[in-house]
Amino acid sequence: MLSVSRLFCGLTVGCVLSACSTFEPEYIACPDIRVKEGAEKAVMIGADYGHYVTMRVNGVDGTCTEGDGFTDMKVELGLLFKREGENLAKAERVPLDVTFAFLNDQDELQSRYVYSYDLFIPNYQAESYPVAIINIEVPDNTRVVFGLGKAE
């Protein structure tokens, strides 16, 4: 005979396991995203030790889910950092600014978003390949153009 506690435990485990699949988001095709020509490179000064850091976009990828009037895009922005200078023994903090512009079919600016964050070049390294994870809301019927730096 099946006890009430075993039945309750079995039902609880079954409910938990079946509910796990409902937490997986439903992915959709992302809007077009491209780097603006001439804005794929930038030079910054390290925040802690003043090294000159040349950065460039090394690749971009996105995963998207549908929102209400927008697409929720998780952007994975691959970068290449190269620093010059002496005393590379310490990690260097590098301010990163990326401007995202949302354009309609007539290439008219609909809105823009500036992402600012600090990334690092590790100890004893002149080069680094960080990946910035950036979540943006892309308005419906727009495409994304981005560049390194803050657009005014």
Side-chain angles (χ1 to χ4, degrees), residues 11-85 88-152:
L11 287 173
T12 302
V13 169
C15 288
V16 168
L17 291 177
S18 68
C20 288
S21 64
T22 62
F23 294 125
E24 184 67 30
E26 187 174 320
Y27 294 106
I28 62 171
C30 288
D32 186 40
I33 181 169
R34 297 181 189 238
V35 66
K36 182 177 178 355
E37 189 175 330
E40 69 277 358
K41 294 181 181 180
V43 177
M44 299 295 291
I45 296 177
D48 295 326
Y49 300 102
H51 293 127
Y52 283 95
V53 179
T54 303
M55 63 177 74
R56 73 171 167 86
V57 174
N58 207 29
V60 65
D61 195 16
T63 53
C64 295
T65 56
E66 190 171 353
D68 187 18
F70 64 91
T71 299
D72 187 21
M73 180 184 276
K74 177 180 163 186
V75 177
E76 295 182 26
L77 181 60
L79 300 160
L80 168 62
F81 287 176
K82 289 184 180 182
R83 67 175 164 169
E84 299 175 12
L88 301 181
K90 304 270 185 179
E92 179 72 271
R93 184 167 43 104
V94 181
L96 172 69
D97 296 310
V98 182
T99 299
F100 293 90
F102 307 106
L103 307 175
N104 66 14
D105 291 341
Q106 290 78 37
D107 287 335
E108 298 168 331
L109 179 66
Q110 300 301 297
S111 61
R112 97 173 34 140
Y113 171 73
V114 176
Y115 171 83
S116 297
Y117 193 72
D118 286 340
L119 293 173
F120 293 86
I121 299 177
N123 302 351
Y124 299 105
Q125 292 186 15
E127 290 185 7
S128 179
Y129 296 89
V131 176
I133 307 295
I134 306 166
N135 292 307
I136 59 175
E137 291 182 354
V138 182
D140 284 348
N141 304 313
T142 61
R143 64 187 179 87
V144 183
V145 177
F146 73 94
L148 298 178
K150 287 184 181 179
E152 299 299 322

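- Contact of the L119 side chain with the L79 side chain is registered, since non-hydrogen atoms from C-beta on lie closer than 4.5 Å.
- Closest of all the heavy-atom pairs between F102 and E137 is CZ-O, 3.9 Å.
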Using side-chain contact (heavy atoms from CB on, under 4.5 Å), reason through R83 and S128 one step at a time and then give a plain yes or no.
CA-CA 9 Å; R83 67 175 164 169; S128 179; over 6 Å; no

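- Atom CD of Q110 sits in a crowded spot, with more than 12 heavy atoms from other residues, nucleotides or ligands closer than 6.0 Å.
- Closest heavy-atom contact between P25 and T65: CB-CG2, 3.8 Å.
- Other residues, nucleotides and ligands place no more than 12 heavy atoms under 6.0 Å from the CD atom of E26.
- Within 6.0 Å of atom CZ in R34, 12 or fewer heavy atoms from other residues, nucleotides or ligands are found, so the atom counts as exposed in its surroundings.
- Annotation: E66, atom CD; neighbour count of heavy atoms from other residues, nucleotides and ligands within 6.0 Å does not exceed 12.
- No side-chain heavy atom of D48 sits less than 4.5 Å from a side-chain heavy atom of K90.
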For I133 and V131, run side-chain contact (heavy atoms from CB on, under 4.5 Å): C-alpha distance rounded to whole Å, both residues' side-chain angles, the deciding distance at 0.1 Å, then the answer.
CA-CA 6 Å; I133 307 295; V131 176; 4.0 Å; yes

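- Put simply, the side chain of T99 gets close to the backbone of G149: a donor and an acceptor are under 3.5 Å apart.
- Annotation: N104, atom CG; neighbour count of heavy atoms from other residues, nucleotides and ligands within 6.0 Å is above 12.
- The local environment of CD in E37 is sparse, with at most 12 non-hydrogen atoms from other residues, nucleotides or ligands closer than 6.0 Å.
- Closest approach of R112 to A151, counting heavy atoms only: NH1-O, 3.9 Å.
- Using a distance-only test at 3.5 Å, with no hydrogens or angles considered, a donor-acceptor pair links the side chain of E40 to the main chain of G38.
- The shortest non-hydrogen separation linking V53 to G46 is CG2-N, 4.4 Å.
- With values rounded to the nearest 0.5 angstrom, K41 atom NZ is found 7.0 Å from R56 atom CZ.
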